[in-house]
Structure formats: structure tokens, C-alpha cells
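What follows is one structure encoded as C-alpha cells, with my remarks underneath.
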2 protein chains.
Amino acid sequence: MTRRLREAAAQDLSGSQDRQFVTSLARGLEVLRAFGPGEATLGNQDIAERTGLSKPTISRLTHTLLDLGYLTYSARNGRYQLGPGVLALGYAMIAGLEVRQRARPMIEDLAASANVTIAIGERDRLNVVYLDCCRGTQTVALSLNVGSRIPLGTTALGRAILAKLPDGEREYLLRAMRERMPEDFQKIERGVDRAIRELDTQGFCTSFGDWREDVNAIGVPVFSLDGERLFGLICGGPSFNLSTDTLMEDLGPRLVKIAQDLSAPREMAAT
Amino acid sequence: MTRRLREAAAQDLSGSQDRQFVTSLARGLEVLRAFGPGEATLGNQDIAERTGLSKPTISRLTHTLLDLGYLTYSARNGRYQLGPGVLALGYAMIAGLEVRQRARPMIEDLAASANVTIAIGERDRLNVVYLDCCRGTQTVALSLNVGSRIPLGTTALGRAILAKLPDGEREYLLRAMRERMPEDFQKIERGVDRAIRELDTQGFCTSFGDWREDVNAIGVPVFSLDGERLFGLICGGPSFNLSTDTLMEDLGPRLVKIAQDLSAPREMAAT
DNA sequence: AAGCATTTTTCGCACAGCGGAACTAAACTC
DNA sequence: GAGTTTAGTTCCGCTGTGCGAAAAATGCTT
């Protein structure tokens with residue numbers, strides 16, 4: 001039973017039967033996670049279905065989360081929504097992220113000067129979460145998508161990250177993707193292999209229409225100052241006004257430059 | 001032991017010894033909450049101090065949270081940071097918040113036309129969390145403060161919310177504030193009493209320099225469509241360019257109008 | 001290199017929390 | 001408005017999980 005949840009929950013390397021692992025915490029967070037996009041309100045029943053946990057368990061978890069302000073409840077329809085506590089945590093996360101502050105001016109600059117979208121992301125399980133995002137034209141930065149998730153395997157952002165992950169971790173994640181979306185796996189694996197080569201040869205990787213037909217993007221990896229955290233930085237836009245040529249010739253090198261300025265110095269070439 | 005945490009954690013009405021309450025979940029979330037503003041990175045030790053939990057417990061909780069992607073770990077200095085999972089949750093929360101979508105155009109409009117700051121917030125324990133925020137001049141909406149917390153007792157946002165809470169809940173919260181910040185309590189209580197009167201007579205409440213010396217703001221309550229969720233909507237700015245007169249005469253009525261348009265119809269006057 | 005301080009892991013035990021089943025409440029049907 | 005379905009809560013015995021004291025490991029200082 002624990003098995004089931006761990007598989008669903010932990011995409012990371014993890015000794016499967018940790019004595020360290022606090023199951024009820026994981027379950028509670030899984031409940032919060034059930035509130036995905038387009039699933040704004042859920043009843044206990046819905047949550048039970050999505051998480052595979054028994055009704056009494058869900059009942060207790062929602063009770064607890066409600067009590068703590070991470071869920072709100074509407075007696076009208078017996079459904080829960082994510083509460084303000086969750087948002088406060090999200091803010092604390094982003095406010096403490098030094099790379100974001102450092103990157104801000106650079107990405108604003110590039111986004112405006114080239115009229116493209118620039119974004120920074122970090123891996124979360126099999127997705128990438130936007131940490132910051134800057135759009136060229138749309139002066140009203142709706143910033144709606146800070147925190148939103150995109151797939152890891154088909155986007156430039158995800159590929160830049162996957163490519164620079166330790167081999168073991170990448171393989172683990174690819175296996176997980178194969179299990180979960182066997183139909184897309186061919187495409188994903190080829191894309192990642194290509195990304196690795198591209199990063200070696202030209203410093204950035206590409207996703208031209210691989211995520212969405214009409215979106216072109218290039219990505220680069222960025223390492224945190226302590227060298228232990230890996231982010232992706234992308235530059236992209238709709239294909240009708242952002243050609244692959246522009247990306248390859250003009251924006252690619254500029255993005256690589258930014259990534260270098262942001263990243264911790266990785267390794268000095270010996271001697 | 002449970003007691004201790006409950007007191008610290010649950011500001012809400014809550015039967016003290018619920019069998020429904022899942023302690024380890026609450027503790028785990030308390031760990032995440034320890035990462036406040038200006039506390040971006042914490043070691044197990046720091047967390048133990050802030051939460052009052054024993055070190056082994058923290059160890060297991062951080063292990064679990066790390067595993068699930070809600071924390072990141074730097075082996076370099078043995079410290080944790082909030083991870084991307086947390087941000088993804090925050091986004092899910094805000095994306096599912098219908099009042100925010102409905103409010104957006106109205107607050108943008110007012111913020112721009114009067115060059116003031118407009119914000120929507122919801123209570124979280126003894127704070128108010130910004131759900132959305134629009135600033136007049138600063139075209140670059142840094143949106144940094146969606147998710148940030150401000151005090152409940154001294155701000156216009158907090159007062160608008162407190163004033164419209166059921167009496168029991170308000171009293172509970174005031175008691176909690178008295179315990180936690182006895183020195184400010186006089187000011188808080190007077191402010192809330194005044195807010196209640198102001199809302200009755202003029203439809204909006206005020207905080208002129210009560211939160212920060214040089215900030216003036218007025219606030220109104222907003223009810224969610226199902227009538228079960230209470231938000232605050234404020235209009236404010238630095239006192240040097242936003243006079244109390246402008247707020248009282250011009251912006252007050254406009255804010256009240258917006259709140260009416262946003263709120264669910266509360267009660268029909270009988271007959 | 002030894003000593004000190006801090007952090008992590010171990011271990012046995014108590015009890016927290018799990019799930020099946022029964023119970024209650026509410027919504028829908030006709 | 002009684003019957004049927006569906007959703008949520010309560011009960012309860014059992015299991016396994018998460019707790020804290022103390023040991024072990026790690027890192028830092030002198």
C-alpha cells in the first residue's frame with residue numbers, strides 16, 4: 001500500500017523502504033497535489049479517487065489541512081479548495097530563490113529587446129515548474145504562469161535540465177516516463193539524446209514544435225551558486241514570429257552568455 | 001506535545017483533541033512554514049528550534065519532504081530550501097481562484113486610473129496573504145508580493161476581513177493576537193472596532209498610518225460567490241502622494257462599488 | 001590529531017493512524 | 001414522501017509507523 005503511493009509520489013531516487021519516510025505527511029501533500037489545473041474544487045470522494053486512499057483517511061487528512069488553512073471548505077457543495085496557506089508557502093519559496101533575483105534583470109532585458117518569452121524553471125517530478133517568466137510584448141506581465149508546470153521530456157526547458165542531470169537520475173526519470181507515457185517515449189528519448197549533443201556542441205538545446213506544434217524554443221542549463229541545484233533557462237515564442245534561424249543564430253548565443261553569467265563556475269579546464 | 005503544536009499552528013476554531021487530526025502532516029507543514037521571509041535556507045537544527053520539534057523528527061520530516069520535492073538540499077552546507085513542488089501548489093491555488101479572475105480587470109483599471117495600489121487578500125492565521133496585487137505606476141508588475149503576508153490587525157486589508165468575520169471567530173483571533181503581541185493589542189482592538197463602525201456607516205474601513213507610518217489605505221470586504229469565503233480588497237499608497245481625503249472622497253466609493261460587483265449578493269432586505 | 005560540537009542514525013516501544021464495515025446525512029428518483 | 005443511490009463520518013481492532021533517548025557519525029576547532 002505504501003508502495004503504491006511512493007511510486008506515484010516520489011519521482012526521485014529513493015530507497016524504496018525508508019524507515020525515514022513519513023507516510024502520512026506524503027499522503028497529506030498528495031491530497032493537496034490532487035488539486036491540479038482545472039480541478040479547483042474537489043470533494044472527499046474525488047480526492048479519494050485521485051490519490052487511491054481510503055475514504056476515512058482522506059477525511060482525516062482534509063480535516064487536518066482545513067484546520068491548518070491549507071484547504072478551504074464550502075459547506076454549500078461539500079467541496080474543498082486550496083487555501084491561502086499554500087500560496088504563502090509558494091511565495092516564501094520564490095522569495096528565497098537567489099537565482100531568480102540575479103536572473104531578473106537579464107531576462108527582462110532579453111525578453112524586451114528581442115520580444116520573446118524568457119523563463120526559468122526547475123524540475124519537479126516529471127515536470128518543470130516555472131520560477132520566473134518574462135514576455136516581450138505583453139506589457140501587462142500576467143505572471144500567471146509562475147508556478148505552472150510543463151512536461152519534462154518535450155520542452156526545451158525540460159531537456160536542458162534532463163541533459164545535465166547525473167546519468168543515474170536521468171535514467172531513472174526516463175524509465176518513469178516510459179512507464180507513464182509509453183506512447184510519447186520514443187519522441188522524448190530522441191529529444192533528450194539530441195539535447196545532450198546540442199548542449200555539447202553549441203551550448204544550447206532546442207525544441208522546435210516538439211512540445212506544441214507552433215512553439216519554438218531553445219534552452220540552456222543554469223547551476224545554482226552552490227552547484228547543487230539545476231535550473232533551466234529558455235527563450236521561446238510562437239513559430240510564426242520566432243524562426244528557428246533567429247533562435248539558432250541570434251538568441252542562442254545570447255542565452256548561453258546569460259547562463260554563463262548566472263551559473264556557478266562549473267569546472268575549470270585542467271591546467 | 002500535540003497541544004504545543006496545535007496552539008502554534010491552528011489559529012482556527014478547532015476541537016482541541018480531535019481524533020481526526022493527523023499530527024505528522026501538521027508537523028511536516030510546520031517545517032515548510034519555518035522557511036519564512038529572510039529564512040531562505042535552514043538546517044535541521046534551525047528547523048528544530050523554530051518548530052520546537054525534536055531533531056530526529058525533523059530529520060525524518062525533511063527527509064520525506066526532500067523525497068517529495070518540497071525541499072531541496074545542499075550537501076555543501078547541509079541546509080534545505082523550499083523546493084519547486086511548493087511553488088506548483090501555490091500556482092494551483094491561485095489558478096483555481098475564481099474571484100481573482102473576476103477581479104483582475106476591475107483592479108487593473110482602478111490601479112491605473114488612480115495610480116494607486118490595489119490588492120486582494122485572504123486571511124491565513126494571523127496574517128493576510130496577498131492573492132493579487134496591481135500597482136499604478138510601476139509598469140513592471142513585479143508581482144513579487146502575490147503570496148506575501150501582512151498583519152491582520154493593523155492593515156486595512158486585515159481589518160476589512162476581521163470586521164466581517166463571524167463574531168466568535170473574530171474574538172478567537174483577537175484573543176490569539178493578544179497573547180502573541182500584547183504590546184500592539186490596544187491599537188489592534190481599537191482599529192478593528194473602528195473598522196466595524198466604518199464599514200457600517202461608509203462601506204469601507206481605513207488604516208491611515210496604522211500599519212506603516214507613511215502608508216494610507218482603505219479596505220472593503222468581498223464575499224465569494226458561494227458566500228463562504230471572505231476576502232479583503234484594498235486601495236492604498238504612500239501618504240505623500242495619496243491623501244486621506246482622496247481616499248475618503250474619491251476612491252472609497254469606487255472601491256465599494258467594485259466590492260459590490262464582485263461579492264455574492266449577501267442578503268436581500270426582507271419584503 | 002585529539003577534543004568538541006553538531007547532526008544523523010539506531011532501536012525498541014507506544015500509540016497514531018489505517019481501512020473495512022457499519023452508520024448517518026443528504027441528493028435524486030419516481 | 002417513501003425508496004434508492006451516493007457521499008461522508010464514526011467505530012474499532014490491529015498493524016506498522018513515527019517517537020525520543022542515546023549511540024554513532026560527521027564535521028569543525030584548536
Side-chain angles (χ1 to χ4, degrees), chain A residues 1-6 8-10 14-32 34 39 41-68 71-81 226 228, chain B residues 1-6 9-10 14-32 34 41-68 71-81 226 228:
Chain A
M1 185 74 283
T2 294
R3 292 294 316 287
R4 201 188 172 294
L5 200 147
R6 292 303 298 277
S14 59
S16 40
Q17 288 292 49
D18 287 347
R19 209 157 145 43
Q20 289 277 71
F21 194 77
V22 180
T23 315
S24 13
L25 174 53
R27 286 173 169 172
L29 290 166
E30 214 53 27
V31 167
L32 292 180
E39 313 261 46
T41 74
L42 298 173
N44 275 340
Q45 176 92 329
D46 305 309
I47 301 172
E49 280 161 16
R50 277 166 188 67
T51 58
L53 299 169
S54 72
K55 283 188 292 177
T57 301
I58 296 297
S59 203
R60 264 169 309 199
L61 294 174
T62 51
H63 174 91
T64 305
L65 292 168
L66 183 62
D67 209 19
L68 299 173
L71 287 179
T72 65
Y73 181 68
S74 167
R76 185 100 30 165
N77 57 5
R79 291 175 153 264
Y80 297 90
Q81 284 190 76
D226 64 6
E228 305 223 37
Chain B
M1 185 71 280
T2 295
R3 292 295 315 288
R4 201 187 172 297
L5 200 148
R6 291 302 298 277
S14 59
S16 39
Q17 288 293 47
D18 290 346
R19 200 158 153 47
Q20 289 276 69
F21 194 78
V22 180
T23 316
S24 17
L25 174 53
R27 287 174 169 173
L29 290 166
E30 215 54 27
V31 168
L32 292 181
T41 73
L42 297 174
N44 274 340
Q45 174 91 327
D46 306 308
I47 302 173
E49 280 161 18
R50 276 166 188 67
T51 56
L53 299 170
S54 75
K55 284 183 284 181
T57 301
I58 296 297
S59 199
R60 261 166 295 144
L61 293 174
T62 50
H63 175 91
T64 306
L65 292 168
L66 183 62
D67 209 17
L68 298 172
L71 288 179
T72 64
Y73 182 68
S74 166
R76 184 100 28 163
N77 57 5
R79 291 175 151 263
Y80 298 90
Q81 284 191 72
D226 65 5
E228 304 223 41

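No hydrogens, no waters, no symmetry mates; every other heavy atom, side chains included, goes into these values. Below, chains carry the letters A, B, ... as their sequence lines are ordered, and counting in each starts from 1.
Put simply, B/Gln20 has no side-chain N or O that comes within less than 4.0 Å of OP1 or OP2 on C/dG17. Checking the phosphate oxygens (OP1, OP2) of D/dG18, a side-chain nitrogen or oxygen of A/Thr23 falls inside 4.0 Å. Residue B/Ser54 has no polar side-chain atom (N or O) positioned under 4.0 Å from OP1 or OP2 of D/dC19. Listed pair A/Gln45 / D/dA7 meets the phosphate criterion, a side-chain N or O lying under 4.0 Å from OP1 or OP2.
Closest to the side chain of A/Thr57, out of D/dC19, C/dG19, C/dT8, is C/dG19. Minimum atom distance to the side chain of A/Asn44 is reached by D/dG8, of the listed D/dG8, D/dG18, C/dT8. Residue B/Arg27 places its side chain closer to D/dC19 than to any other of C/dT8, C/dG19, D/dC19.
Per the geometry, OH belonging to B/Tyr80 stands 11 Å off P belonging to C/dT7, to the nearest Å. Distance B/Leu42 CG to C/dT7 C1': 15 Å, rounded to the nearest Å. Remark: C1' of D/dA7 and CD1 of A/Ile47 are 13 Å apart, rounded to the nearest angstrom. For B/His63 and C/dT9, the NE2 to C1' distance is 12 Å, given to the nearest whole Å. Remark: P of D/dG8 and CG of A/Leu71 are 13 Å apart, rounded to the nearest angstrom. At whole-Å resolution of the value, CZ in A/Arg60 and P in D/dA7 are 20 Å apart. Atom-to-atom, CG of B/Leu53 to C1' of D/dG18 comes out at 12 Å; the value is rounded to the nearest Å. Per the geometry, NZ belonging to B/Lys55 stands 14 Å off P belonging to D/dA23, to the nearest Å.
Annotation: of the two residues near DNA chain D, B/Ser24 and A/Gly78, the 5′-most nearest-nucleotide partner is A/Gly78. Of the two residues near DNA chain D, A/Val22 and A/Ser59, the one whose nearest nucleotide lies more 5' is A/Ser59.
Put simply, the side chain of B/Glu228 gets close to the backbone of A/Ala75: a donor and an acceptor are under 3.5 Å apart.
Relative ring orientation between A/Tyr80 and A/Tyr73 is described as tilted, the plane-to-plane angle lying within the 30° to 60° band.
With hydrogens and angles left out, the side-chain atoms of A/Asn77 and A/Thr41 include no donor and acceptor closer than 3.5 Å.
In plain terms, the two heavy atoms of A/Ser59 and B/Gln20 that are nearest each other are OG-NE2, 4.2 Å.
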Read 5' to 3' with Watson-Crick or G-U pairs under 3.5 Å, [ ] for crossing pairs and | for partners on another strand, DNA chain C gives |||||||||||||||||||||||||||.||

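Expressed to the nearest 0.5 Å, how far CG of A/Leu65 lies from CD1 of A/Ile47 amounts to 8.5 Å.
Contact annotation: the side chain of A/Asp46 approaches that of A/Arg79 to within less than 4.5 Å [non-hydrogen atoms, C-beta and beyond]. Using a 4.5 Å cut-off on side-chain heavy atoms (C-beta onward), A/Glu30 and A/Leu53 make no contact.
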